[in-house]
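Take a look at the structure below.
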Amino acid sequence: MASSTYYVCAAIDIGTTYSGYAFSSKDDYSREPTNINTSYWPGSKLHSLKAPTAILLDSHQKFVAFGYEAENMYSELVAEEEHEDYYYFHSFKMLLHERRITRDIKIKDLCGKEMEALNVFQCIIQFLKDKVFKHISDKIKGIQENDIRYVLTVPAIWEDSAKQFMREAATKAGINSGQLSIALEPEAAAIYCQHLKTDRQEKNTFASTVKAGMKYMIVDLGGGTADITVHQRYGDGSLKEVVPASGGPWGGKSIDEAFHSFLKRICGPKVMEELRKTELEDFIDLFREFETKKRSIRVDQTNKVVVTLPVALIDLVKSHRGKMETALEQSPYGQTAIYSKQKLHISPDTFRDLFKSTTEALIKHIERMFRDEKLSDLENLIMVGGFSECELIQHRMKEKFGKHKKIIIPAEAGLVVLKGAVLYGHQPKVISSRILRRTYGIQSLWGPHMQPESQKSYLVDVNRCKDLFFKYAKVGEQVVFGHEVSQVFQVFKPNEKTLECTIYVSTDPDPRYVTDPSCQRLGNLIIPLPEIRAGKTLEIEGTMVFGDTELLFRARDLHTGRVVETQFDLL
């Protein structure tokens with residue numbers, strides 16, 4: 001998708017909880033691929049090289065602030081009761097995984113005001129694009145926009161419509177579509193992991209120790225999702241996907257939600273909601289402190305985890321439920337937590353229990369994956385993403401799989417996807433083949449012999465069966481980069497100005513009708529037709545192109561040879 005003429009590759013990673021950017025020049029890449037510049041965000045107690053995915057917009061839906069600055073400014077507005085005219089969005093990326101995506105889909109801000117999601121993502125991408133361009137310009141004098149290839153990361157488990165949504169948001173943000181590539185997050189991690197050092201002298205890389213044909217699993221644990229892929233390395237350095245990408249909502253945010261539920265059981269749901277609405281700064285600070293505790297909890301920790309509660313929360317509990325001590329005693333945690341001098345002392349077992357549901361769901365999913373015979377010879381499991389830095393997750397993974405698999409956790413695991421996306425921009429064809437997660441096809445008409453009778457219709461005196469699923473490629477199929485499947489269509493109506501195709505996907509390898517329960521409408525493809533056809537039946541060769549991170553469709557007029565290449569409209 002992206003132009004081959006560029007000097008710098010810049011990656012933008014919009015995470016569920018944290019976002020950032022990174023870049024490197026062609027010269028940097030040729031000298032040392034891992035020499036990658038990353039963003040720096042002041043205002044973090046955690047010294048993170050990413051910023052919270054939080055954005056503040058004014059009453060006209062225009063950009064005001066992003067990241068820590070957005071959090072702090074909005075907290076001040078809430079304190080001064082001047083926030084009603086602003087839009088504040090925080091940790092909303094999971095929307096693109098949980099709901100069917102359309103171009104006009106709306107999301108609610110913290111106060112319930114609606115705004116088109118496309119415009120929210122556009123504002124974030126535009127801010128990060130401008131910030132990375134300034135950073136590049138400071139390092140490389142005279143750099144121009146068209147010298148840069150941009151890479152936008154998305155989870156591998158996202159549907160095709162969500163990927164197109166992100167591309168359109170990036171285009172609206174000022175990134176030329178021809179300069180933009182979409183990278184799948186665990187694939188980006190797999191590329192970066194080729195350069196991991198595997199010895200203390202840092203002389204050998206993972207790629208140099210992996211034999212041709214060896215398979216390895218990438219477990220990308222981000223803020224919202226766990227994204228899992230398995231690749232096999234070829235002798236030429238290219239990577240082949242072995243099984244379809246999979247995953248689920250088992251990221252770090254689920255632990256935050258567990259802590260929120262913990263507090264609601266002690267303080268009450270109304271108190272926690274009132275704290276969020278009226279004392280947002282305290283609410284944010286409380287969860288920032290929890291983030292530090294979440295990252296520092298140890299498997300063998302015996303001392304209590306101490307969390308400082310905001311005065312505003314203690315006052316709200318007093319007004320609704322009496323003393324904090326009483327509220328705690330009446331909660332399920334009366335025996336496992338102690339309140340003293342504005343601090344909540346939580347037993348380490350109770351704190352570790354906040355991780356249990358998420359961790360076990362992840363473990364069970366990976367166990368199911370290992371039942372696949374294709375993974376019987378897999379030896380290496382690499383954990384990346386910010387949540388993989390948690391010792392509890394690491395310990396459970398090693399406990400469950402460490403006897404038979406080598407567990408590798410890179411330094412700064414939270415930046416692996418971002419840096420890998422930069423490398424992907426420099427070598428976009430390194431993933432030589434992928435596994436399809438769906439069966440792809442179009443709504444088709446076919447001969448008069450097809451059954452049932454209810455599916456027959458007439459088109460220009462030709463008795464044909466409607467709603468047939470014409471299959472282009474099936475679920476589980478291995479497709480190489482640029483894999484093409486073609487079909488010739490006849491246009492019977494002489495006055496037709498466009499040929500419209502409806503694209504469907506299915507979880508069934510061989511669906512018969514697009515109305516089958518397994519089928520879902522993916523989107524439309526509209527092909528412009530020549531105005532003058534001299535009364536002849538027009539034949540269009542439709543080619544679907546697989547193997548990249550996004551689908552392509554190419555249509556060719558067999559009479560004139562004219563080619564139209566376009567993406568589907570999936571929104």
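Values in this document were obtained by computation on a predicted structure and should not be read as measured data. Values below: all heavy atoms of this structure, side chains included; hydrogens, waters and symmetry mates excluded.
Of the possible donor and acceptor atoms, one in the side chain of K293 sits under 3.5 Å from a partner among the backbone N and O of V306. A donor-acceptor contact shorter than 3.5 Å links the side chain of K50 to the backbone of G414. A donor-acceptor pair is defined here as one N or O able to donate and one able to accept, closer than 3.5 Å; such a pair exists between the side chain of Q394 and the backbone of S388. Distance alone, capped at 3.5 Å, is enough to place a donor-acceptor pair between the H320 side chain and the L316 backbone. The backbone N or O of S238 sits nowhere less than 3.5 Å from a side-chain atom of R233 that would complete a donor-acceptor pair. Side chain of S432 to main chain of L239: a donor-acceptor pair is present (N/O by atom type, distance under 3.5 Å, no hydrogens or angles). Under the 3.5 Å distance criterion, the side-chain polar atoms of Q194 are left unmatched by any main-chain donor or acceptor of I191. The backbone N or O of W250 sits nowhere less than 3.5 Å from a side-chain atom of S254 that would complete a donor-acceptor pair. Checked by atom type and distance alone, the side chain of R298 never pairs as donor or acceptor with a backbone atom of L392 at under 3.5 Å. With K405 contributing its side chain and L378 its backbone, the two residues share a donor-acceptor pair below 3.5 Å.
Atoms CD1 and CD1, from I14 and I124 in turn, are 5.5 Å apart once rounded to the nearest 0.5 Å. Put simply, CG on L354 and CD1 on I255 are 7.5 Å apart, with the number rounded to the nearest 0.5 Å. Taken to the nearest 0.5 Å, the CD atom of E289 stands 14.5 Å off from the CD1 atom of I284.
Nearest heavy atoms, E373 versus S376: O-OG, 2.9 Å. Taking every heavy atom of both residues into account, A51 and G67 meet most closely at CB-CA, 4.1 Å. Here the shortest heavy-atom pairing between A183 and V151 reads CB-CG1, 3.5 Å. Contact between G15 and T53 at its shortest, heavy atoms only, is O-OG1, 2.7 Å. When every heavy atom of E71 is checked against every heavy atom of A54, the shortest pair comes out as CG-CB, 4.0 Å. The nearest pair of heavy atoms linking P509 to T439 is CA-OG1, 3.5 Å.
Remark: of the listed residues L309, T308, V305, L309 is the sole one forming a side-chain contact (heavy atoms from CB on, under 4.5 Å) with L344.
The list of salt bridge (charged side-chain N to carboxylate O under 4.0 Å, His left out) pairs with a residue in residues 342-358, not counting sequence neighbours, reads D349-R352, D353-K356.
Residues E367 and K400 meet the side-chain proximity criterion, which asks for heavy atoms closer than 4.5 Å. Two residues are said to be in side-chain contact when any heavy atoms from C-beta on lie closer than 4.5 Å; E159 and R438 meet this criterion. When side chains are defined from C-beta on, M324 does not count as touching L328, because their heavy atoms never get closer than 4.5 Å. Looking at heavy atoms from C-beta onward, F401 lies in side-chain contact with I366 at the 4.5 angstrom threshold. Using a 4.5 Å heavy-atom cutoff, the side chains of T549 and R434 are in contact. At a threshold of 4.5 Å between non-hydrogen side-chain atoms, the residues L184 and P155 do not count as touching. The shortest distance between side-chain heavy atoms of L522 and D160 falls below 4.5 Å. Using a 4.5 Å heavy-atom cutoff, the side chains of E391 and R295 are not in contact.
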Verdict with reasoning, V505 to C519, per side-chain contact (heavy atoms from CB on, under 4.5 Å): CA-CA 6 Å; V505 291; C519 295; over 6 Å; no
Step-by-step side-chain contact (heavy atoms from CB on, under 4.5 Å) determination, I107 to V120: CA-CA 9 Å; I107 54 176; V120 177; 4.1 Å; yes
Worked check of side chain to side chain donor-acceptor pair (under 3.5 Å) between T336 and T350: CA-CA 7 Å; T336 58; T350 298; 3.2 Å; yes
Steps toward side chain to side chain donor-acceptor pair (under 3.5 Å) verdict (Q232, K240): CA-CA 5 Å; Q232 186 173 25; K240 179 182 79 171; 3.2 Å; yes
Worked check of side chain to side chain donor-acceptor pair (under 3.5 Å) between S518 and T507: CA-CA 6 Å; S518 68; T507 54; 4.7 Å; no
Chi angles and distances behind the side-chain contact (heavy atoms from CB on, under 4.5 Å) call for M217, I228: CA-CA 7 Å; M217 176 181 286; I228 305 167; 3.8 Å; yes
Full working for ring-ring contact (aromatic ring centres under 6.0 Å, His included) between F290 and F351: CA-CA 11 Å; F290 172 71; F351 197 86; 5.7 Å; yes
Test log, rule side chain to side chain donor-acceptor pair (under 3.5 Å), inputs T102 and D104: CA-CA 5 Å; T102 60; D104 58 356; 2.9 Å; yes
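For Q335, the CD atom sits in a loose shell: 12 or fewer heavy atoms of surrounding residues, nucleotides or ligands are nearer than 6.0 Å.
Here K471 pairs with D510 under the side chain to side chain donor-acceptor pair (under 3.5 Å) rule; sequence neighbours left out. Considering only residues two or more places apart in sequence or on other chains, K294 meets the side chain to side chain donor-acceptor pair (under 3.5 Å) condition with D256, E291. Partners of F287 according to the ring-ring contact (aromatic ring centres under 6.0 Å, His included) rule, which considers only residues two or more places apart in sequence or in another chain, are F259, H260, F283. Scanning for side chain to side chain contact (heavy atoms under 4.5 Å, CB included) contacts around R265 gives P332, Y333, with sequence neighbours left out. Residues passing the side chain to side chain donor-acceptor pair (under 3.5 Å) test with E360, sequence neighbours excluded: R396.
The six-membered or imidazole ring of F546 lies away from that of F481, with a centre-to-centre distance of 6.0 Å or more. Separation of the Y74 and Y88 ring centroids falls under the 6.0 Å cut-off.
S340 and H345 share no donor-acceptor pair across their side chains, judged by distance under 3.5 Å alone.
The aromatic rings of F165 and F121 lie perpendicular to each other, with more than 60° between the two planes, well past the 30° mark.
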